[in-house]
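Taking it in order: structure first as structure tokens, then the write-up.
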Amino acid sequence: MVWYAVTFFALAAAFGVLTLIGPRRLFEHGPRWYRDSDAAAQRALTPSDQAFRYGRVAQGVAAVIMLLGGWYVLDRADDFDDEPAEASAEEVRAAAERAADAVDGNQRLATEPGHDAVDIERALGPDLLVEENGAAFTITNTEGEHPVCLLIDERVADSPPSIDDLPPYVDEELAREAARSIVRVTLSTSVRAGAC
């Protein structure tokens, strides 16, 4: 970000010098290859005094704009660090609690796979690391500091549905087996300091 500010300040200095020199001097002492040897034709090609004044004003305005742009970029440079700061202990804990809130109370079939580190990482964001240990997840910052443990417990949400709630089957034993396979579990979470 500092290089952007340096560029703005360099352009401001260049426009400032051009303003001080003035467009008339630049025209009179500039390259001669485009000049006509005929004096009458040369007078016809020379810009008016008003055009020179407008040129000087435009260069001055450009210098001021570049100067303000450089100050703005320097002021905003702190907001755009090249390397983001590592998450603090409070930020790791808050992220773990947000992930816990996202999972807490969810229901799923008992036959479905549980949450894994990818699901938890998606809930946390890119600045934190997740280490899976069964239903326990250790969450740290990218340096591996400030560990927080996120535990996910599963408990049966309700009893299996009765056979009457299921579609009719040819075999009653098959219907009982189907009823047992539809058991739903509710997820509950807890967050504590330290690794799991």
Side-chain angles (χ1 to χ4, degrees), residues 1-13 64-167 174-196:
M1 289 301 289
V2 173
W3 286 108
Y4 293 125
V6 168
T7 303
F8 273 109
F9 288 134
L11 288 172
V64 169
I65 289 172
M66 292 297 144
L67 192 63
L68 292 175
W71 279 333
Y72 177 76
V73 169
L74 277 181
D75 184 48
R76 301 289 298 188
D78 294 338
D79 297 342
F80 300 101
D81 288 338
D82 291 338
E83 282 189 37
E86 292 298 325
S88 67
E90 294 82 23
E91 292 170 332
V92 173
R93 173 94 184 185
E97 288 175 355
R98 279 194 311 273
D101 288 343
V103 173
D104 198 31
N106 289 349
Q107 289 189 350
R108 63 175 179 80
L109 292 176
T111 56
E112 293 177 341
H115 287 279
D116 61 2
V118 174
D119 295 333
I120 301 300
E121 283 177 352
R122 195 175 307 122
L124 291 173
D127 297 335
L128 300 173
L129 300 177
V130 177
E131 182 180 321
E132 182 178 5
N133 186 10
F137 300 89
T138 300
I139 301 166
T140 62
N141 65 7
T142 54
E143 294 292 321
E145 300 168 335
H146 315 300
V148 174
C149 181
L150 170 64
L151 296 169
I152 300 178
D153 297 322
E154 299 177 356
R155 62 186 187 308
V156 175
D158 49 19
S159 59
S162 69
I163 295 175
D164 298 332
D165 295 337
L166 297 174
L174 185 61
R176 281 194 174 85
E177 182 63 33
R180 282 193 292 273
S181 69
I182 302 179
V183 174
R184 298 189 71 72
V185 294
T186 300
L187 305 176
S188 63
T189 59
S190 62
V191 176
R192 65 175 173 81
C196 298

Test of understanding: with side-chain contact (heavy atoms from CB on, under 4.5 Å), list the residues that count as partners of Leu68, not counting sequence neighbours. Val64, Trp71

Between Val73 and Ala5, what is the shortest heavy-atom contact and its length? CG1-N, 3.7 Å

Working to the nearest 0.5 Å, report the span between CZ of Phe8 and CD1 of Ile65. 10.5 Å

Leu128 and Val92, any side-chain heavy atoms less than 4.5 Å apart: yes

List the residues meeting side-chain contact (heavy atoms from CB on, under 4.5 Å) with Ala195, not counting sequence neighbours, and say none if there are none. Thr138, Pro147

If the condition is salt bridge (charged side-chain N to carboxylate O under 4.0 Å, His left out), which residues does Glu145 pass it with, not counting sequence neighbours? none

With Glu90, which residues qualify under side-chain hydrogen bond (donor to acceptor under 3.5 Å, both in side chains), at least two apart? Ser88

Atom of Val191, atom of Ala96 and distance for their closest heavy-atom approach: CG2-O, 3.9 Å

Approximate separation, where rounding is to 0.5 Å, of Arg93 CZ and Leu150 CG: 10.5 Å

Measuring from Met66:CE to Thr7:OG1, what's the distance to the nearest 0.5 Å? 10.5 Å

Given side chains that start at C-beta, do those of Phe9 and Leu67 come closer than 4.5 Å, heavy atoms only? yes

Look up atom CD in Glu91 and atom CG in Asn141, then write down how far apart they are to the nearest 0.5 Å. 9.0 Å

